[in-house]
Amino acid sequence: RVVVLVTPAAAAVGLFPLPLPSSVGAVGRRIVVAALTGSVLTAACGSTAVTVAPSALLSDARQVVNRTSAVHFDLTSKNIPAAGTTLQGGQGDLARPDQLRGTFQVAVDGLPASVKLIEVGGKFYAELPFASRYQLTDPAKFGLGDPAQLLNPDTGVSRLLTGLRDPKSTGEHRVAGEVLEEVSGTVPGTDVSGLLPDVDTAKAVALAFGIAPTSRQVRQVEATGPFASDTTESTYIVTLTSYGEPVTVTAPSTGTPPAS
């Protein structure tokens, strides 16, 4: 009777030795099993995942952003001062070249309010709380920059990807169950001042991009800087999904109820 020794390690990697010729003795069989086990374990445990350079990830992500026609965004924030009018969060859709439709959460001296916003052709329309009509307005009144420029290759996410200083891979993290490769660095405050309110553009803004490793879509952008106060570091987190899905935004007629 021939007894084949399969170690726990061999079983763990699914190693089941093939039948050996009868001329191979028991000692020879054990040597073959040990050799195969060692080879498989070396391949399984000693292999190293291919690491993509941060610059390559950023370059690929920039091309994907520049190709997309539209995205859905969700905006959250952390450590926003209570004084003044500040942007707290929002959600909506962006379409090229400069179209936005969404709802933003703002705070006026700590009191929360929700504002519906539409931007088309550089004109900004807002439906204020308790109102049923849009009116032309200045986004700065709500603590906003110009979020419709996020897809602009010269001023939006694409520019931030290109201008990231000293980019470093900072591991993986999950967003809604999706594993993302994170690349971090800094950009000048002037690079984000058109997108987010920035009271001190002389200070650098820290950025962390969460990039989907297969599609190379920028799934998340985390920005930390003096957005609402020159003495407080606040953070905005933008999550981008639904790349390329159809989005149509039309300007409402001021003074008339918006389309439902």
Side-chain angles (χ1 to χ4, degrees), residues 13 40-80 89-91 94 96 145 147 149-196 198 200-227 232-245:
V13 296
V40 171
L41 289 178
T42 298
C45 301
S47 61
T48 302
V50 177
T51 302
V52 180
S55 57
L57 272 176
L58 295 173
S59 177
D60 290 348
R62 181 175 182 271
Q63 293 181 48
V64 172
V65 167
N66 286 344
R67 284 197 301 264
T68 194
S69 59
V71 292
H72 179 81
F73 70 89
D74 286 280
L75 174 68
T76 58
S77 63
K78 296 185 291 187
N79 201 33
I80 305 295
Q91 51 281 318
L94 297 165
R96 292 189 187 279
Q149 298 302 312
L150 273 174
L151 291 182
N152 187 315
D154 298 321
T155 60
V157 173
S158 180
R159 179 185 182 185
L160 300 179
L161 290 163
T162 302
L164 194 68
R165 296 173 174 174
D166 194 24
K168 292 182 174 64
S169 292
T170 46
E172 297 179 341
H173 72 282
R174 288 181 179 271
V175 173
E178 182 181 24
V179 177
L180 305 177
E181 297 285 346
E182 186 172 277
V183 179
S184 301
T186 63
V187 294
T190 51
D191 283 7
V192 299
S193 60
L195 303 171
L196 291 167
D198 192 340
D200 190 354
T201 56
K203 293 182 179 179
V205 171
L207 290 181
F209 290 98
I211 301 172
T214 302
S215 67
R216 296 293 201 265
Q217 292 179 354
V218 174
R219 185 70 65 239
Q220 195 169 81
V221 185
E222 180 174 311
T224 301
F227 297 121
T232 302
E233 293 284 296
S234 302
T235 298
Y236 285 107
I237 303 168
V238 183
T239 302
L240 303 175
T241 55
S242 303
Y243 275 62
E245 293 189 4

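Predicted model only: the values in this text are computed from it and were never measured.
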Taking the side chain as every heavy atom from C-beta outward, state whether [X] and [Y] have any atom pair closer than 4.5 Å.
X: Gln220; Y: Ile237; value: yes
X: Pro188; Y: Arg165; value: yes
X: Pro213; Y: Val179; value: no

Using atom types as modelled and distance alone, determine if a side-chain donor or acceptor of [X] lies under 3.5 Å from a backbone N or O of [Y].
X: Ser59; Y: Ala56; answer: no
X: Asn79; Y: Glu233; answer: yes
X: Thr235; Y: Ser77; answer: no
X: Arg219; Y: Val175; answer: no
X: Arg62; Y: Thr162; answer: no

task = Applying side chain to side chain contact (heavy atoms under 4.5 Å, CB included) between Val218 and each of Val183, Leu160, Thr68, Val65, report the one that passes.
result = Val65

message = Between Asp154 and Arg159 (salt bridge meaning N to carboxylate O under 4.0 Å), is one present in this structure?
response = no

ask   = Between Lys168 and Asp166, is there a side-chain N and carboxylate O pair less than 4.0 Å apart?
value = yes

note = Looking only at heavy atoms, the pair that brings Val205 and Gly189 closest together is CG2-CA, 4.0 Å

